[in-house]
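In what follows, every heavy atom counts, from backbone to side chain, and hydrogens, waters and symmetry copies are set aside. Predicted model, so just to flag it, every value in this text is computed and none were measured.
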Amino acid sequence: MNEAITHLKVPVKPEEKDVCLGPDGSVAHVTRALRMISGRWKLPILFRLFADPSMRTSQLLRDIPGISQKMLTQHLRELENDGLVLKIDFQRQPPHVEYRLTDAGHGLLPILISVREFSRRHGDI
């Protein structure tokens, strides 16, 4: 067999492969985390909420140039469903709603800062 397949050249025990490639492995967890923050507007929303602990929809619309109300609402809903953002409804008239990061959302900050630093160091790749 003259094929250059990595897994044929490097012997790996099946249980070691599962740690990385299994349904609860590293790849699955990283893929899930990346899905949570993928989308054109999710990172700008998260970074605004890192800067201000609580923001209303109208403030987010003003602070994020180019985002539409529809896309802001959609991405906030997705971030809320993923447990990164908390929606606070004050049950008042006129409606008063604010968004805040959850503990999981705050936990992303050091990771995103590390990714930023990686990009700065390796931007010429």
Side-chain angles (χ1 to χ4, degrees):
M1 183 182 312
N2 292 331
E3 296 180 54
I5 299 174
T6 306
H7 72 275
L8 293 177
K9 292 183 177 202
V10 181
V12 177
K13 297 176 189 166
E15 57 273 7
E16 291 174 355
K17 240 185 342 187
D18 283 348
V19 169
C20 212
L21 303 175
D24 197 38
S26 299
V27 172
H29 286 289
V30 171
T31 300
R32 180 174 166 257
L34 290 175
R35 183 199 50 78
M36 293 168 94
I37 61 172
S38 68
R40 180 173 180 187
W41 302 107
K42 287 185 182 178
L43 288 175
I45 292 167
L46 288 169
F47 276 102
R48 280 305 298 129
L49 291 172
F50 289 140
D52 277 319
S54 181
M55 294 190 80
R56 296 183 72 170
T57 307
S58 58
Q59 185 64 45
L60 286 164
L61 276 170
R62 280 192 297 273
D63 289 355
I64 304 172
I67 193 169
S68 68
Q69 176 71 53
K70 177 185 175 191
M71 292 310 296
L72 177 62
T73 301
Q74 178 182 327
H75 284 299
L76 282 168
R77 233 180 243 137
E78 291 172 8
L79 290 165
E80 185 182 7
N81 289 338
D82 286 332
L84 300 176
V85 169
L86 180 64
K87 178 181 178 180
I88 311 289
D89 188 346
F90 289 90
Q91 302 292 324
R92 292 194 299 198
Q93 285 300 328
H96 182 132
V97 175
E98 292 183 1
Y99 291 91
R100 296 180 183 155
L101 292 174
T102 62
D103 288 341
H106 281 288
L108 273 176
L109 182 59
I111 296 163
L112 294 176
I113 297 299
S114 294
V115 171
R116 180 192 69 190
E117 293 309 309
F118 174 86
S119 175
R120 285 181 175 167
R121 283 192 309 271
H122 303 289
D124 55 344
I125 296 175

> About how many Å separate CG of Leu61 and CD of Gln69, when rounded to the nearest 0.5 Å?
Replying inline: 5.0 Å

> Which residue pairs satisfy the side-chain hydrogen bond (donor to acceptor under 3.5 Å, both in side chains) criterion with at least one member in residues 39-51, sequence neighbours excluded?
Replying inline: Lys42-Glu78, Arg48-Asp52, Arg48-Asp63

> Measuring from Thr31:OG1 to Met36:CE, what's the distance to the nearest 0.5 Å?
Replying inline: 13.0 Å

> Going from CD1 on Ile64 to NE2 on His75, what distance comes out if it is rounded to the nearest 0.5 angstrom?
Replying inline: 10.0 Å

> In the single-linkage hydrophobic clustering (I, L, V, M, F, W, Y; side-chain heavy atoms under 4.5 Å), do Leu46 and Leu86 co-cluster?
Replying inline: no

>> Measuring only between side-chain heavy atoms, which start at C-beta, is Leu76 closer than 4.5 Å to Leu60?
In response: yes

> What are the two closest non-hydrogen atoms of Ala104 and Gly83, and how far apart are they?
Replying inline: CB-O, 3.7 Å

> Is the closest side-chain heavy-atom distance between Arg100 and Ile88 below 4.5 Å?
Replying inline: yes

>> Just verifying a value: how many Å separate Leu108 CG and Phe50 CZ, rounded to the nearest 0.5 Å?
In response: 5.5 Å

Indicate every side-chain donor-acceptor pair of residues 89-98 with a distance under 3.5 Å to a residue at least two apart or in another chain.
| from | atom 1 | to | atom 2 | distance (Å) |
| --- | --- | --- | --- | --- |
| Asp89 | OD1 | Gln91 | N | 3.0 |
| Asp89 | OD2 | Gln91 | NE2 | 3.4 |
| Arg92 | NH2 | His96 | ND1 | 2.5 |
| His96 | NE2 | Glu98 | OE2 | 3.0 |
| Glu98 | OE1 | Ser54 | OG | 2.4 |

Which donor-acceptor pairs under 3.5 Å do the side chains of residues 113-123 make with protein atoms, sequence neighbours left out?
| from | atom 1 | to | atom 2 | distance (Å) |
| --- | --- | --- | --- | --- |
| Ser114 | OG | Pro110 | O | 3.0 |
| Glu117 | OE2 | Arg120 | NH1 | 3.2 |

>> I'd like to know if the side chain of Gln74 pairs up with that of Arg77 as donor and acceptor (distance under 3.5 Å, no hydrogens or angles considered).
In response: no

>> With rounding to the nearest 0.5 angstrom, report the CG to CD1 distance, Leu101 to Ile45.
In response: 11.0 Å

